[in-house]
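Here the structure is laid out as structure tokens; the discussion comes afterwards.
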Amino acid sequence: MAVVLDQINIATYQAFDKSVLNRELLSQDCAALRMLQENAVRAEGDPINVKVRYKRNNGGSYSGYDRMNTDQVEQLAEGSLEWKGYYVNVTIDEQTMVRNASMNIADLMSVKSLKSLPANGKAILNIVGEAMVGAMDDMKHLLAEALWQTTPGAKDMDSIPNIVNLTSTYASIAYDSLNTFDYVGLTSGSNDNIWAGRVSSNSGTNRSLDEDILQQVIDDCSIGADTPKWAFCGRDAYRALTLLLEGAKTRPNAAVSEIGFTKHIEWADYGVTFLRDEYCDRNEIYIINPKHLKLFIHPKLDMVFSGFKEPTDQAALTGQLKCMVQLWCDDRAKQGLVDDVTV
């Protein structure tokens, strides 16, 4: 590799170091991705383990010499998730270099040092910077789309719609394999599966948003102080929500406003902040407990830039911005969905 290319890579690493990448890759378009990024877990190990406590130990009251039930109870189900990799190409083609810096690839490779670049040749660094900014924007878009896929592919990370679902398998655990709760859910009117989301649907027919339905799903996702904090809404659902909560006690969430998401409402009575998400289906409201749903990022591929290389079959310099991620959840019953909502 030419010495100057090494120096361009070093300059790129310095200009777009970890702090810059972490800041610039925070999404300003996808509310769900941004809130998950704010609370992301950086972890190693493969696979990612998901432990689900679905039974209680034997216990109860006793007196005197009563015999106790000492039978061991299998309390935990263990699932697993594979890391998923994403990349974005960072490509600078030779014609762009010629037009903007009056240098072709051979000219660039013959330079011994960045300090030796001609005056117009220093535009190469500006071209590199613009390419990196574009790649970071593309990576945010790629991850946002993956986060909201209805049916993730084999190479994709898991998604919110797949986790907050009544009949899907997640972490290699089938929705009905852990049995049901011993109480009746408000939304379903029946004993809900332990390993499934809480979903209010109208079978694909759009309906007006009803406060009772919204309250029921939030209540179904709540146990004591372990309650949802966020709700991500599609465009039509958010409009319906603003109309529904006009007479309710609401307030802006200062932390959410500070990071730039002005389209939000915090429902004071429930402590849930509803955010409009441009990537969420327009007629859906996903109710999320972030204690039990997190974005995992592998620290060894946490938005890493590979450096530029000169391919043998392309008149360009190419590199890749890469990450390895997964969406982790250990309690699907604490996540909810109000579907088929319109204004």
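Computed from a prediction, not measured in an experiment: that's the story for all the values here.
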L321 with M157, same ILVMFWY side-chain cluster at under 4.5 Å
yes
Kindly give the heavy-atom pair with the smallest separation between F308 and G319, and that separation in Å.
CD2-N, 4.0 Å
Is the number of heavy atoms from other residues, nucleotides or ligands under 6.0 Å of R207 CZ greater than 12?
yes
So, D192 and R198, do they make that salt bridge, N to O below 4.0 Å?
yes
Do E38 and I259 come close enough that some side-chain heavy atom pair is under 4.5 Å?
yes
Same cluster or not: V341 versus I218, using hydrophobic residues (I, L, V, M, F, W, Y) connected whenever any side-chain heavy atoms lie under 4.5 Å apart?
yes
Taking everything shown except K294 itself, do over 12 heavy atoms lie less than 6.0 Å from its NZ?
yes
Report yes if some heavy atom in the side chain of P290 is under 4.5 Å from a heavy atom in the side chain of M35; otherwise report no.
no
Can you tell me if K84 uses its side chain to pair, donor with acceptor, with the backbone of A154 under 3.5 Å?
yes
Under 4.5 Å between any side-chain heavy atoms of N289 and T227, yes or no?
no
Looking only at heavy atoms, which two atoms of Y170 and L327 are closest? And how far apart?
OH-O, 2.7 Å
Hey, what do you get for CZ (F274) to CD1 (I265), rounding to the nearest 0.5 Å?
8.0 Å
4.5 Å side-chain heavy-atom contact, D340 and T205
no
4.5 Å side-chain heavy-atom contact, I8 and L108
yes
Do other residues, nucleotides or ligands put more than 12 heavy atoms under 6.0 Å from E44 CD?
yes
So, are D236 and R282 salt-bridged, with charged N and O less than 4.0 Å apart?
yes
Just how far is it from atom OH of Y86 to atom CG of L143, taken to the nearest 0.5 Å?
7.0 Å
Parallel, tilted or perpendicular for F232 and W148, by the 30°/60° rule?
perpendicular
Y87: partners by ring-ring contact (aromatic ring centres under 6.0 Å, His included), with sequence neighbours left out:
none
Aromatic ring proximity, centroids under 6.0 angstrom, H264 and Y238
no
Quick one: do D226 and K334 make a salt bridge, cutoff under 4.0 Å?
yes
Co-membership, hydrophobic cluster, residues I194 and I287, 4.5 Å side-chain
no
Min side-chain heavy-atom separation L295-W328 under 4.5 Å:
no
Give a yes or no on whether the backbone of C30 and the side-chain of S27 come within a donor-acceptor separation of less than 3.5 Å.
yes
Using side chain to side chain donor-acceptor pair (under 3.5 Å), reason through T180 and N193 one step at a time and then give a plain yes or no.
CA-CA 4 Å; T180 60; N193 285 304; 5.9 Å; no
Not counting sequence neighbours, which residues clear ring-ring contact (aromatic ring centres under 6.0 Å, His included) with H298? List them please.
W83
Heavy-atom neighbours of E145 CD exceed 12 at 6.0 Å:
yes
